[in-house]
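All chains are named by letter (A, B, ...) in the order of the sequence lines, taking the proteins before the strands, and each is independently numbered beginning at 1.
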2 protein chains.
Amino acid sequence: MARIPVAQRRRDFIDAAVEVISSHGIDGATTRRIAEQAQANVAMLHYCYDSKEDLFADVYEYVSGKYREVIEGSDPHTTLPGAAQAILRGVMECYIDSRSFTATTFELVSWARRQHGDRGIAVYDQALDSLRKALQEAAAADPVAPEVIDEIAYVLATLADGFGVNWLTYGDTTAAREQMEVNCAVLDSWLTARLAAGPAKPARRKRAARA
Amino acid sequence: MARIPVAQRRRDFIDAAVEVISSHGIDGATTRRIAEQAQANVAMLHYCYDSKEDLFADVYEYVSGKYREVIEGSDPHTTLPGAAQAILRGVMECYIDSRSFTATTFELVSWARRQHGDRGIAVYDQALDSLRKALQEAAAADPVAPEVIDEIAYVLATLADGFGVNWLTYGDTTAAREQMEVNCAVLDSWLTARLAAGPAKPARRKRAARA
DNA sequence: CATGAAGTTGGGCATTTGTCTAAGTCACGA
DNA sequence: TCGTGACTTAGACAAATGCCCAACTTCATG
């Protein structure tokens with residue numbers, strides 16, 4: 001009917017997949033459902049993608065990309081705490097903006113883990129990398145030990161993840177906005193204490209926590 | 001063969017389901033896989049449970065129960081911060097103890113949400129209720145406004161959830177132990193600041209955040 | 001206008017899934 | 001010993017799923 005070039009069709013399928021995955025889960029996201037959501041045919045899907053796995057790979061990349069955007073595109077700050085605040089806020093706002101995106105991300109991460117093992121955690125890894133880089137840049141004027149950066153990145157991820165789980169579970173926008181503030185307050189009080197304490201934690205022995 | 005009473009068989013199926021769900025996801029947890037894991041027959045499963053859904057309901061209850069146990073059974077403390085610390089530690093330790101349990105919990109929560117909508121968030125709701133109750137008890141000597149209790153419960157849940165996601169993703173026990181300490185430090189610094197600040201947050205207007 | 005590439009589609013295939021049926025097999029009280 | 005009721009199992013069933021094929025439509029270009 002509509003006669004749409006493959007490139008556009010692929011984008012449609014990715015969007016459709018995000019929607020379907022968020023409401024039916026990874027395994028509930030069948031080719032037929034995705035095709036229907038994209039107002040296309042099952043055969044069309046296989047005309048654009050060799051396999052369902054191929055489509056999911058694109059969805060995966062799309063999600064990764066969005067994270068990078070949000071993290072790198074957050075309001076630039078010259079202080080480490082400022083940058084950390086801005087990034088955390090950015091991610092949480094992005095979650096609130098699109099529940100489908102949030103749900104799909106969490107589905108993808110857990111799917112990738114059990115599907116591809118180590119290689120599957122790429123989204124998470126990449127997001128943490130962008131995170132570390134952004135923090136390091138913000139702290140350029142007043143450098144901080146890499147272990148501290150790692151720790152901050154981890155806390156940021158933890159707060160964002162925790163926020164995401166709750167937001168997905170309850171879906172209450174008003175509550176979510178309040179919780180966003182709470183999380184920012186949590187980050188703030190901890191960061192202040194942490195940066196005052198010095199580079200090394202009391203009981204640190206081995207290499208820094210990877211995440 | 002073995003001739004096992006239904007009651008025991010059911011318990012076996014629940015354990016098997018937890019294992020299979022954690023490694024294959026909810027939808028990957030097929031009756032045949034669960035049966036195999038329980039060293040039983042597919043037909044046996046339907047002899048014990050009318051449907052797969054029935055089995056999952058039991059798994060759901062099992063998970064809920066374990067949360068209640070962990071929260072209510074955490075070391076009793078007379079101070080609010082002490083109790084909060086103990087509970088957070090208890091939950092995180094429980095996660096580290098059993099990755100299957102952790103994974104299954106997260107799978108169940110997301111499955112329940114998209115499957116049963118509001119009714120599906122029961123695990124999360126019940127856990128938060130136990131949490132609030134435990135905190136309230138700990139603060140009996142020096143009462144705190146219910147909004148503050150709610151806020152603390154939310155932060156506790158957020159830190160636990162965030163920890164869980166990371167632990168599931170990387171599965172590094174050593175890192176997880178370090179991160180457990182970080183999360184405790186985060187809770188500690190925020191709680192101190194929060195309890196010093198007074199009952200109401202600066203920009204609070206509506207009812208307290210539900211979770 | 002012819003033509004061939006690009007896009008579109010209905011129908012079909014093998015496999016997997018949840019569930020059920022009917023036929024066992026065992027333990028134990030009468 | 002002989003039921004009788006509790007447990008066990010192989011096999012079958014329809015429905016759903018990922019993927020494919022062969023035929024059809026459109027349209028820019030020669």
If I take atom [atom1] in residue [X] and atom [atom2] in nucleotide [N], what distance separates them, rounded to the nearest angstrom?
X        : N       : atom1 : atom2 : value
Leu45(B) : dT9(D)  : CG    : P     : 13 Å
Asp27(B) : dT17(D) : CG    : P     : 11 Å
Phe56(A) : dT17(D) : CZ    : P     : 12 Å
Tyr49(A) : dC19(D) : OH    : P     : 14 Å
His46(A) : dA6(C)  : NE2   : P     : 20 Å
Phe13(B) : dT19(C) : CZ    : P     : 13 Å
Glu53(A) : dT17(D) : CD    : C1'   : 15 Å

| Distance-only polar pair, side chains of Gln8(B) and Asp12(B), donor-acceptor under 3.5 Å | yes
| Side-chain donor-acceptor pair under 3.5 Å between Glu107(A) and Ser22(A), yes or no? | no
With respect to the side chain of [X], which nucleotide from [options] is positioned closest?
X        : options                   : result
Asn41(B) : dT17(C), dA10(D), dT9(C)  : dA10(D)
Met44(A) : dG18(C), dG7(C), dC20(D)  : dG7(C)
Arg32(A) : dG18(D), dT21(C), dA12(D) : dG18(D)
Tyr47(A) : dT9(D), dG7(C), dG18(D)   : dG7(C)
Lys52(B) : dT9(C), dG18(C), dG18(D)  : dG18(C)

| Of all of residues 4-12 of chain A, which get a heavy atom below 4.0 angstrom from DNA chain D, listed by number? |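 Of all residues in residues 4-12 of chain A, none places a heavy atom under 4.0 Å from DNA chain D.
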| Side chain of Arg3(B), base of dA27(C): donor and acceptor closer than 3.5 Å? |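 Checked by distance alone, the answer is no.
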| message | So that I know where these two stand, are Tyr67(A) and Phe101(A) an aromatic pair - ring centroids less than 6.0 Å apart? | response |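 Yes, the ring of Tyr67(A) comes within the 6.0 Å limit of the ring of Phe101(A), centre to centre.
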| message | In this structure, is the centre-to-centre distance between the rings of Tyr124(A) and Tyr170(B) below 6.0 Å? | response |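 When the ring centroids of Tyr170(B) and Tyr124(A) are compared, they turn out to be within the sub-6.0 Å range.
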| message | So, using salt bridge (charged side-chain N to carboxylate O under 4.0 Å, His left out) as the criterion, who are the partners of Asp54(A) when residues are at least two apart? | response | none
| said: Taking side chain to side chain contact (heavy atoms under 4.5 Å, CB included) as the definition, give me every residue that meets it alongside Arg33(A), ordered by chain and number, with sequence neighbours left out. | reply: Val20(A), His24(A), Thr30(A)
| So does Thr31(A) get a side-chain nitrogen or oxygen closer than 4.0 Å to the phosphate oxygens (OP1/OP2) of dG18(D)? | yes
| said: Salt bridge or not between Arg10(B) and Asp58(B)? Use side-chain N to carboxylate O under 4.0 Å. | reply: no
